[in-house]
Amino acid sequence: MTCQICQVVKKEIILKKVGKRIKELRVSKGMTQIQLVIKMEENEGKIDTTNISRIEAGRTNPTLYTLHRIATALEVDLIDLVNIQK
């Protein structure tokens, strides 16, 4: 496997793990994706509901700002979203 392919695979693994962690936290709070989006939009502006779905599935690379908005809406620290060592 070339180094470039390794990087792509590592990126996909990390995105899937972060997405899974976000979903776990959302579900543990008893929230649907729509409820999460509504809470995110209360103070921070629009976000597409399908974007949350893509993030949780690991199909998109969220910005740091988007991760901050998710953490705020879930009332957790940002580190809790990206701590994939658990």
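Just so we're clear, the structure is a prediction, and the values are computed from it rather than from any experiment.
- If you take CD1 on Ile55 and NZ on Lys16, they are separated by 13.5 Å, rounding to the nearest 0.5 Å.
- With hydrophobic clusters built from ILVMFWY side chains whose heavy atoms lie under 4.5 angstrom apart, Ile38 does not share a cluster with Val27.
- Shown here are the side-chain hydrogen bond (donor to acceptor under 3.5 Å, both in side chains) partners of Ser28, two or more places apart in sequence or in another chain: there are none.
- For the pair Gln33 (side chain) and Thr49 (backbone), a donor-acceptor distance under 3.5 Å is absent.
- Annotation: Lys39, atom NZ; neighbour count of heavy atoms from other residues, nucleotides and ligands within 6.0 Å is above 12.
- Judged as a salt bridge (Lys or Arg N to Asp or Glu O under 4.0 Å), the pairs with a partner in residues 25-37 (not counting sequence neighbours) are, in order, Arg26-Glu56.
- The closest donor-acceptor contact from the side chain of Asp80 to the backbone of Asp77 lies under 3.5 Å.
- Side chains of Ser53 and Thr50: a donor-acceptor N/O pair is absent below 3.5 angstrom, by distance only.
- In this structure, OG1 in Thr60 is found 10.5 Å from CD1 in Ile52, a value given to the nearest 0.5 Å.
- For the pair Met40/Thr72, no side-chain contact is recorded, criterion being any heavy-atom separation below 4.5 Å from C-beta on.
- Each of Tyr65 and Leu15 belongs to its own hydrophobic cluster when Ile, Leu, Val, Met, Phe, Trp and Tyr are linked at side-chain heavy-atom distances under 4.5 angstrom.
- Scanning for side-chain hydrogen bond (donor to acceptor under 3.5 Å, both in side chains) contacts around Lys23 gives an empty result, with sequence neighbours left out.
- Residues passing the side chain to side chain contact (heavy atoms under 4.5 Å, CB included) test with Leu67 are Val18, Ile22, Pro62, Leu78, Leu81, Val82, sequence neighbours excluded.
- In the hydrophobic cluster analysis, where Ile, Leu, Val, Met, Phe, Trp and Tyr join through side-chain heavy atoms closer than 4.5 angstrom, Leu64 is grouped together with Ile84.
- A search for side chain to side chain contact (heavy atoms under 4.5 Å, CB included) contacts involving Thr32 returns Ile34, Gln35, not counting sequence neighbours.
- Val37 is not listed as a side-chain neighbour of Lys46, based on a closest heavy-atom distance of 4.5 Å or more.
- The shortest side-chain heavy-atom distance between Lys20 and Glu24 falls under the 4.5 Å cut-off.
- With a 4.5 Å cut-off on side-chain heavy atoms, Ile13 and Lys10 do not count as touching.
- Checked against salt bridge (charged side-chain N to carboxylate O under 4.0 Å, His left out), Glu12 has no partners two or more places apart in sequence or in another chain.
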